[in-house]
Amino acid sequence: MSYKALKCGIRFKPPAIILLYEDVSTGKSRQRSMPIRNFSKFSDCSRAAEQLKNNPRHKQYLENVSPKQLERLYILLKGHLNGENLQVSLEGIRRDETLDPEEDLNKLDDKELAKRKSIMDDLFEKNRKKKDDPDFEYNVEVDFPQDGPIESCGWDEESENEF
């Protein structure tokens with residue numbers, strides 16, 4: 001059996017992931033409710049999303065759903081369990097998934113740094129020009145304008161002790 005995920009959402013009471021999918025063999029749209037058990041406001045959202053995606057009962061339905069989307073839904077549920085309203089939780093997700101160019105990445109711990117790098121990789125892949133794109137050009141050369149005289153650097157000067 002093959003299934004194509006159409007929409008994925010969350011229900012807060014009782015907690016469940018709701019999946020609208022299409023059965024490819026028959027062409028019918030269906031809804032699947034996957035209850036969320038043993039999840040508290042202290043649970044790890046990425047781990048819970050991974051467990052749901054690897055659950056044998058739901059695995060075939062969630063093949064086309066990204067783990068990040070499931071993690072976002074769990075973050076919304078966690079915010080609801082903490083007493084936050086939906087808008088505050090959504091704003092927190094947007095803030096976590098955007099990059100601040102002024103942020104010093106050297107001061108982050110390994111987990112936060114890995115999260116920021118993942119966001120950068122996703123952004124790079126989204127903006128990357130591929131061979132099949134209509135506006136793809138091979139071997140583009142660009143001359144950048146100079147705003148003033150070229151300053152020399154000590155590295156540019158030749159020294160007597162060259163290797």
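Just so you know, these numbers come straight off a predicted model, no measurement behind them.
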Novice: Look at atom CD of Glu125 and say whether more than 12 heavy atoms of other residues, nucleotides or ligands are closer to it than 6.0 Å.
Specialist: yes
Novice: How far does CD of Gln51 sit from CZ of Arg37, to the nearest 0.5 angstrom?
Specialist: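 One finds 13.5 Å between CD of Gln51 and CZ of Arg37.
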Novice: Within this structure, what is the CG-NE2 distance for the pair Leu52 and His58, rounded to the nearest 0.5 Å?
Specialist: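 Taking CG in Leu52 and NE2 in His58, the distance rounds to 5.5 Å.
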Novice: Counting only heavy atoms not in Asp143, do more than 12 fall under 6.0 Å of its CG?
Specialist: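 Check fails, neighbour count at 12 or below.
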Novice: Quick one: does Leu90's side chain get under 4.5 Å of Arg94's, heavy atoms only?
Specialist: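 Sidechains of Arg94 and Leu90: in contact.
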Novice: So, the side chain of Asp104 versus the backbone of Asn106: is there a donor-acceptor pair under 3.5 Å, distance only?
Specialist: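 Checked: pair present.
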Novice: Please name the pair of heavy atoms, one in Val65 and one in Ala5, separated by the smallest distance, quoted to 0.1 Å.
Specialist: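 Looking at all heavy atoms of both residues, the closest pair is CG2-CB, 3.7 Å.
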Novice: State plainly whether one hydrophobic cluster holds both Leu113 and Met120, where clusters connect Ile, Leu, Val, Met, Phe, Trp and Tyr through side-chain heavy atoms under 4.5 angstrom apart.
Specialist: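 Linked within one cluster.
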Novice: Mind checking whether Val140 and Phe144 sit in one hydrophobic cluster, side chains of I, L, V, M, F, W, Y counted as touching below 4.5 Å?
Specialist: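 Yes.
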Novice: Inspect the contact between Glu50 and Arg47 and indicate whether a charged nitrogen and a carboxylate oxygen are less than 4.0 angstrom apart.
Specialist: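 Between Glu50 and Arg47 there is no salt bridge, as every charged N stays at least 4.0 Å from the carboxylate O atoms.
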Novice: Taking Asp133 for the side chain and Phe136 for the main chain, is one N or O donor matched with an acceptor at less than 3.5 Å?
Specialist: no
Novice: Measuring from Tyr21:OH to Glu63:CD, what's the distance to the nearest 0.5 Å?
Specialist: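 Going from the OH atom of Tyr21 to the CD atom of Glu63 covers 13.0 Å.
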Novice: Of Lys117, Glu112, Arg116, which is the lone residue that meets side chain to side chain contact (heavy atoms under 4.5 Å, CB included) with Leu105?
Specialist: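 Answer after filtering Lys117, Glu112, Arg116: Arg116.
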Novice: Given side chain to side chain contact (heavy atoms under 4.5 Å, CB included), test Gln87 with Glu91 step by step and report yes or no.
Specialist: CA-CA 6 Å; Gln87 295 301 324; Glu91 183 60 35; over 6 Å; no
Novice: Is a donor on one side and an acceptor on the other found under 3.5 Å between the side chain of Lys53 and the backbone of Leu62?
Specialist: yes
Novice: Say you draw a straight line from CD1 of Ile10 to CG of Leu19; how long is it, rounded to the nearest 0.5 Å?
Specialist: 13.0 Å
Novice: Could you label the plane-to-plane angle of the Tyr74 and Phe39 rings as parallel, tilted or perpendicular, counting under 30° as parallel and over 60° as perpendicular?
Specialist: tilted
Novice: Go through the steps for Met34 and Asn55 under the test side chain to side chain contact (heavy atoms under 4.5 Å, CB included), then give the verdict.
Specialist: CA-CA 10 Å; Met34 296 169 266; Asn55 186 327; over 6 Å; no
Novice: Could you state whether Leu86 and Val88 fall into the same hydrophobic cluster, counting links through intermediate Ile, Leu, Val, Met, Phe, Trp or Tyr residues with side-chain heavy atoms under 4.5 angstrom apart?
Specialist: no
Novice: Does atom NZ of Lys130 have more than 12 heavy-atom neighbours, drawn from other residues, nucleotides or ligands, at distances under 6.0 Å?
Specialist: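 Above 12, so yes.
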Novice: Which heavy atom in Lys78 sits nearest to a heavy atom in Lys41, and how many Å separate them?
Specialist: CE-O, 2.9 Å
Novice: If you count every heavy atom of other residues, nucleotides or ligands that lies below 6.0 Å from Asn85 atom CG, does the total exceed 12?
Specialist: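 Yes, CG of Asn85 has more than 12 neighbouring heavy atoms, counting only those of other groups under 6.0 Å.
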Novice: Does one hydrophobic cluster hold both Ile75 and Phe12, with members joined at side-chain heavy-atom distances below 4.5 Å?
Specialist: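 Yes, it is one cluster - the side chains of Ile75 and Phe12 are joined through contacts under 4.5 Å.
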Novice: What is the distance from atom CD1 of Ile18 to atom CG of Leu20, rounded to the nearest 0.5 Å?
Specialist: 8.5 Å
Novice: If every non-hydrogen atom of Ser2 is compared with every non-hydrogen atom of Asp23, which pair is closest and at what distance?
Specialist: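 Closest approach of Ser2 to Asp23: O-OD1, 3.6 Å.
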Novice: Ignoring hydrogens, what is the shortest heavy-atom contact between Glu22 and Gly27? Give both atom names and the distance.
Specialist: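 Smallest heavy-atom distance, with atoms named: OE2-CA, 3.9 Å.
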Novice: Considering non-hydrogen atoms only, spot the tightest contact between Leu70 and Cys8 and give its length.
Specialist: CD2-SG, 4.2 Å
Novice: Quick check: do Lys13 and His80 have side-chain heavy atoms less than 4.5 Å from each other?
Specialist: yes
Novice: Kindly check if the number of other-residue, nucleotide or ligand heavy atoms within 6.0 Å of CG (Asn38) is above 12?
Specialist: no
Novice: Taking atom CD of Glu71 and atom CD1 of Ile93, what is their separation to the nearest 0.5 Å?
Specialist: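 Those atoms lie 9.0 Å apart.
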Novice: Could you tell me which non-hydrogen atom of Ala49 sits nearest to which non-hydrogen atom of Pro67, and how far apart they are?
Specialist: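 Smallest heavy-atom distance, with atoms named: CB-O, 4.1 Å.
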Novice: What residue among Arg72, Lys115, Lys68 forms side chain to side chain donor-acceptor pair (under 3.5 Å) with Glu97?
Specialist: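 In the set Arg72, Lys115, Lys68, the residue that makes a side chain to side chain donor-acceptor pair (under 3.5 Å) with Glu97 is Arg72.
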